[in-house]
Amino acid sequence: TEVRAKGVLELFTATRFWNFPRDRSESFVADKLTTRIALEYGITDRLSFGVGGTTFDGLFDGYLKYKLLAQKKGEKPSLFNITLLQAASYNSSALPYMAAENDFSRRLGYTTQVLISRKMSSGFSLQIAPTFIHRSLGLSDIDDNNFFALGFGARYKLGPHLELVSEYYRTFNPIESFNTYDPFAIGVNWELGDILLQFMLTNTRNMAEDRFITQTRNNFNFKDPNLHFGFNATYVFHLKNRLKK
């Protein structure tokens with residue numbers, strides 16, 4: 001539910017590594033990897049805009065986040081943080097089958113989320129995320145174009161700069177043309193001033209919402225290629241420094 005403040009630019013990089021179940025690995029560290037690079041900018045203190053691209057699935061995406069409500073105490077208390085997210089993506093890779101209309105609009109996907117979080121204590125926070133996803137082109141004729149999911153997230157502070165985090169999504173009408181699993185991730189956040197480092201274990205390779213929520217093909221276990229190691233880095237740049245009183 002966090003939104004970047006006005007004039008703040010965020011550079012986000014993410015990488016996932018995984019291996020294949022073979023006798024000999026094809027590389028020194030991992031058989032495969034995917035990378036995502038994104039930028040997010042605070043238009044106002046409540047509204048931010050982001051764009052990004054991912055190498056593995058050839059997906060380019062953009063999104064808007066608007067902070068509708070902030071948790072606070074006082075005369076008019078608010079029990080929750082509520083942020084609205086609207087994202088759109090463009091699939092630049094080869095289509096899964098020859099579409100009748102292979103035009104720009106058929107390659108688009110949309111994600112709408114209501115992000116609701118609450119700080120339960122000084123060290124523990126919870127979040128739920130009702131999600132609607134529309135894909136203009138299904139993977140096969142038997143698959144839906146619209147998907148409904150509910151996400152759950154949690155964060156627990158282990159120390160002043162270290163946090164344990166986890167995320168899980170339940171898709172209520174999954175794809176039928178092949179087996180999919182609910183995406184799950186668990187990891188740690190390490191805050192270093194304006195730099196945030198994240199280390200995680202997850203069962204998904206995709207990183208845009210309309211992909212990893214609906215198309216995670218591996219279960220979360222320690223068998224290759226089901227378990228992936230993830231590393232994220234977030235850099236924050238203050239483009240409009242305000243005078244401090």
Side-chain angles (χ1 to χ4, degrees), residues 2 4 8-22 25-41 48-65 85 87-96 107-111 113 129 131 133 135 139 151 153 163 165-169 180-237:
E2 293 184 2
R4 288 299 172 193
V8 173
L9 177 67
E10 171 189 293
L11 171 63
F12 174 77
T13 64
T15 306
R16 304 287 183 270
F17 306 87
W18 68 93
N19 290 317
F20 291 116
R22 297 171 182 167
S25 176
E26 293 184 351
S27 59
F28 178 70
V29 178
D31 292 332
K32 290 289 184 178
L33 65 87
T34 177
T35 301
R36 171 178 166 78
I37 300 177
L39 292 171
E40 182 174 330
Y41 180 73
S48 63
F49 169 73
V51 292
T54 310
T55 60
F56 175 69
D57 47 19
L59 210 67
F60 296 93
D61 65 281
Y63 59 90
L64 285 169
K65 290 176 68 177
L85 171 70
S89 67
Y90 173 76
N91 179 13
S92 66
S93 60
L95 297 176
R107 291 176 172 269
L108 297 178
Y110 304 93
T111 301
Q113 288 186 310
T131 303
I133 294 172
R135 296 178 57 82
L139 296 179
E163 302 168 336
V165 293
S166 185
E167 186 179 46
Y168 168 79
Y169 275 90
T180 60
Y181 297 88
D182 294 332
F184 175 77
I186 186 169
V188 293
N189 291 350
W190 186 19
E191 297 182 16
L192 300 170
D194 287 336
I195 301 176
L196 173 66
L197 303 179
Q198 297 175 303
F199 307 88
M200 73 193 70
L201 295 175
T202 179
N203 63 327
T204 181
R205 302 168 186 176
N206 307 97
M207 286 177 265
E209 287 83 0
D210 65 310
R211 285 298 183 93
F212 77 79
I213 294 176
T214 62
Q215 296 187 39
T216 295
R217 301 196 182 200
N218 303 307
N219 200 359
F220 186 88
N221 58 48
F222 287 87
K223 295 180 180 180
D224 290 333
N226 292 342
L227 191 64
H228 311 329
F229 172 73
F231 172 72
N232 299 344
T234 303
Y235 308 87
V236 176
F237 303 93

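These figures come from a predicted structure and were not determined experimentally.
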Evaluate Phe231 against Leu197 for side-chain contact (heavy atoms from CB on, under 4.5 Å), listing each step before the verdict. CA-CA 7 Å; Phe231 172 72; Leu197 303 179; 4.1 Å; yes
Taking the side chain from [X] and the backbone from [Y], do they hold a donor-acceptor pair closer than 3.5 Å?
{"X": "Thr35", "Y": "Thr55", "result": "no"}
{"X": "Asn203", "Y": "Phe184", "result": "yes"}
{"X": "Thr202", "Y": "Thr204", "result": "yes"}
{"X": "Asn206", "Y": "Ala208", "result": "no"}

Contact between [X] and [Y] at the side-chain level, heavy atoms closer than 4.5 Å - yes or no?
{"X": "Asn232", "Y": "Arg16", "result": "yes"}
{"X": "Tyr110", "Y": "Ile133", "result": "no"}
{"X": "Thr216", "Y": "Thr180", "result": "no"}
{"X": "Phe17", "Y": "Thr15", "result": "yes"}
{"X": "Phe60", "Y": "Arg107", "result": "no"}
{"X": "Leu39", "Y": "Leu11", "result": "yes"}
{"X": "His228", "Y": "Thr34", "result": "no"}
{"X": "Asp210", "Y": "Asp61", "result": "no"}

If you measure from [atom1] on [X] to [atom2] on [Y], what distance do you get to the nearest 0.5 Å?
{"X": "Leu64", "Y": "Leu85", "atom1": "CG", "atom2": "CG", "result": "8.5 Å"}
{"X": "Phe56", "Y": "Arg211", "atom1": "CZ", "atom2": "CZ", "result": "9.0 Å"}
{"X": "Phe49", "Y": "Tyr63", "atom1": "CZ", "atom2": "OH", "result": "9.0 Å"}
{"X": "Leu108", "Y": "Tyr90", "atom1": "CG", "atom2": "OH", "result": "8.0 Å"}
{"X": "Phe199", "Y": "Leu201", "atom1": "CZ", "atom2": "CG", "result": "12.0 Å"}
{"X": "Tyr181", "Y": "Asn218", "atom1": "OH", "atom2": "CG", "result": "8.0 Å"}

Specify the closest pair of heavy atoms between Ser166 and Ala185, including all atoms of both residues, with the distance to one decimal. OG-O, 2.9 Å
If you compare all heavy atoms of Asn91 against all heavy atoms of Asp57, which two are closest, and at what distance to 0.1 Å? OD1-O, 3.6 Å
Listed partners of Glu167 passing side-chain contact (heavy atoms from CB on, under 4.5 Å), at least two apart: Tyr169
With sequence neighbours excluded, tell me which residues meet side-chain contact (heavy atoms from CB on, under 4.5 Å) with Thr13. Ile37, Ala233, Tyr235
side-chain contact (heavy atoms from CB on, under 4.5 Å), that's the test. Do Phe220 and Leu227 meet it? Break it down for me. CA-CA 6 Å; Phe220 186 88; Leu227 191 64; 3.6 Å; yes
Run the salt bridge (charged side-chain N to carboxylate O under 4.0 Å, His left out) test against Arg205 and tell me which residues pass, sequence neighbours left out. none
Side-chain ion pair, Glu40 and Arg4, N-O less than 4.0 Å: no
